[in-house]
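Input: a single structure, listed below in structure tokens.
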Amino acid sequence: MSFNSIVFIWIFLPSVILGYLILSIKPVFSIQNVFLILASLLFYSWGDMESLPFLLSVTAFSWLGGIILSKVRKKTIVLFFFISCLIGCLLFYKYWNFFILQINNIFHVSVQVRESWAPLGISFILFQSVSYLADTYKGKIQADKNPVGVALYITFFPQLITGPIVRYTDVKSQLYNRKVSLESAKYGIKRFIRGLGKKVILADCMGHIVDTILSFDPSKWGSLFAWIVLIGYSLQIYYDFSGYTDMALGLGKAFGFVLPENFNLPYMSESIQEFWRRWHITLSSWFRDYVYIPLGGNRKGNLRTYINLSAVFFLTGLWHGADWNFIFWGMWHGTFMLAERLFLGKYLKKSPCKGLNYLYTVFVVFTGWMFFRISSAGTVFSLLKLLFIPTPVSNDISLYYFINPYTISMLFLGILLCGPLQYFLLEIKKTICRDKKIYQRTSYWGTGILYSIILIYSLTQVVSSTYSAFIYQQF
């Protein structure tokens with residue numbers, strides 16, 4: 001089940017909200033928690049029933065690991081065992097075939113690969129479990145003796161499949177003491193509508209255009225299509241993933257949970273270092289705290305720092321997918337991170353024209369997305385070549401299908417909403433809306449009408465369009 005499906009919007013979500021509101025008349029958190037766990041298991045199994053035993057096993061394993069870690073003296077050995085088992089699951093389900101294929105190619109053997117299948121949301125589920133055990137080991141949290149608390153932490157459906165990667169410290173106080181107010185419910189609904197609009201209006205439109213172009217032979221693309229793919233996919237993946245995050249945070253808020261933010265206008269960054277502080281924030285912080293710092297961080301000299309950074313970005317790429325294009329994408333970003341630490345960062349800070357910083361970051365990020373989207377390196381380089389060598393689109397292709405008033409307006413809106421408009425509105429708020437009452441009154445009516453329009457149009461798209469899964473659902 002996905003947030004942008006008819007079943008979720010029209011049946012599952014209203015039923016769960018109604019049931020939760022009934023239980024909230026005389027709130028008993030243990031009953032509410034069990035209700036949310038059952039709803040989450042239904043949500044998860046609807047998408048892939050075969051994955052349900054995996055989710056239940058990881059949940060029980062994590063709870064048991066926390067209990068044992070809180071009681072034994074030799075915590076390091078216990079932690080190593082439990083985390084090795086969790087990471088072993090990830091390696092087996094997600095990377096086994098990739099490693100076997102590399103062995104076959106290198107040693108010219110024919111080791112049989114397994115059937116290509118991995119539990120839904122495996123990377124997000126296991127990373128949350130690892131963080132729970134690691135934080136218990138470090139003493140940052142006390143192991144939860146109540147299996148219901150751990151189960152809700154891991155299985156809570158808004159963040160279960162595609163994040164954000166939640167840490168137990170983020171929600172421990174909310175598992176047993178939370179309150180849903182009218183204001184929080186309104187905020188949650190608006191946040192969900194915003195995310196739904198990002199996904200079904202902007203991301204799916206960009207995705208359809210990009211997928212159609214990439215289905216053609218590269219010799220027919222021309223420079224125009226190369227630029228459309230570069231910009232279109234960069235907007236698609238941003239609105240697809242940040243849209244999911246908005247929906248997840250909105251749903252969490254509606255049930256009384258404050259989940260961590262995952263995006264902060266990443267395309268307005270002035271460097272790659274800043275980009276990774278704004279893009280997929282929970283993943284970046286996870287790798288920082290559980291990989292980079294344990295490896296030594298920047299505490300053991302420059303050379304060790306560069307090695308640690310390279311390891312983190314290699315793993316970041318590999319986390320996204322078991323293929324060389326993802327690894328290359330990770331190392332692409334890692335290379336510029338190292339360059340900024342070595343020398344480039346100084347020039348970026350001193351740059352008199354911040355616009356050049358934005359252009360540099362956008363160029364690096366957007367180019368990197370091409371390796372992320374297209375598995376063939378040769379195809380990517382052909383596309384990048386077309387960006388700078390003017391080449392006409394093949395006469396066999398109708399340009400109006402791609403360049404028409406609707407697609408142009410969606411492209412323009414996508415560019416505007418990924419940062420420029422937000423900065424402009426912030427300045428208006430600072431300079432024009434001095435009167436707080438006027439601002440609140442106009443903001444209330446304006447946003448109410450706007451969100452109503454977004455919801456209605458989004459629902460028409462959900463009903464009339466072909467279902468499109470979220471990009472990060474595959475990870």
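Panel note: side chain Tyr168, backbone Val150; no donor-acceptor pair is recorded below 3.5 Å. At least one donor-acceptor pair under 3.5 Å links the side chain of Gln422 to the backbone N or O of Gly419. Between the side chain of Ser223 and the backbone N or O of Leu387, no donor-acceptor pair lies under 3.5 Å.
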Asn262 vs Tyr244, side chain to side chain contact (heavy atoms under 4.5 Å, CB included): CA-CA, chis, key distance, verdict: CA-CA 10 Å; Asn262 216 18; Tyr244 185 99; over 6 Å; no
ring-ring contact (aromatic ring centres under 6.0 Å, His included) evaluation trace for Phe287 with Tyr292: CA-CA 6 Å; Phe287 272 110; Tyr292 179 68; over 10 Å; no
Side chain to side chain contact (heavy atoms under 4.5 Å, CB included) between Tyr239 and Cys418, worked out: CA-CA 8 Å; Tyr239 286 114; Cys418 69; 3.6 Å; yes
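With a 4.5 Å cut-off on side-chain heavy atoms, Leu175 and Phe257 count as touching. A heavy-atom distance below 4.5 Å is not found between the side chains of Phe99 and Val111.
The only member of Lys199, Arg191, Lys190 that meets side-chain hydrogen bond (donor to acceptor under 3.5 Å, both in side chains) when paired with Asp246 is Arg191.
Side-chain contact check for Ser123 and Lys94: at least one donor-acceptor pair (N or O, by modelled atom type) lies under 3.5 Å. Asp135 and Tyr290 share a side-chain donor-acceptor pair at under 3.5 Å.
The aromatic rings of Phe313 and Trp276 lie perpendicular to each other, with more than 60° between the two planes, well past the 30° mark. Using cut-offs of 30° and 60° on the angle between ring planes, the pair Phe263 and Tyr238 is perpendicular.
The salt bridge (charged side-chain N to carboxylate O under 4.0 Å, His left out) search around Lys220 returns Asp396, not counting sequence neighbours. Listed by chain and number, the residues in a side-chain hydrogen bond (donor to acceptor under 3.5 Å, both in side chains) with Asn104 amount to none (sequence neighbours excluded).
Trp319 and Phe326 have their aromatic ring centers separated by at least 6.0 angstrom.
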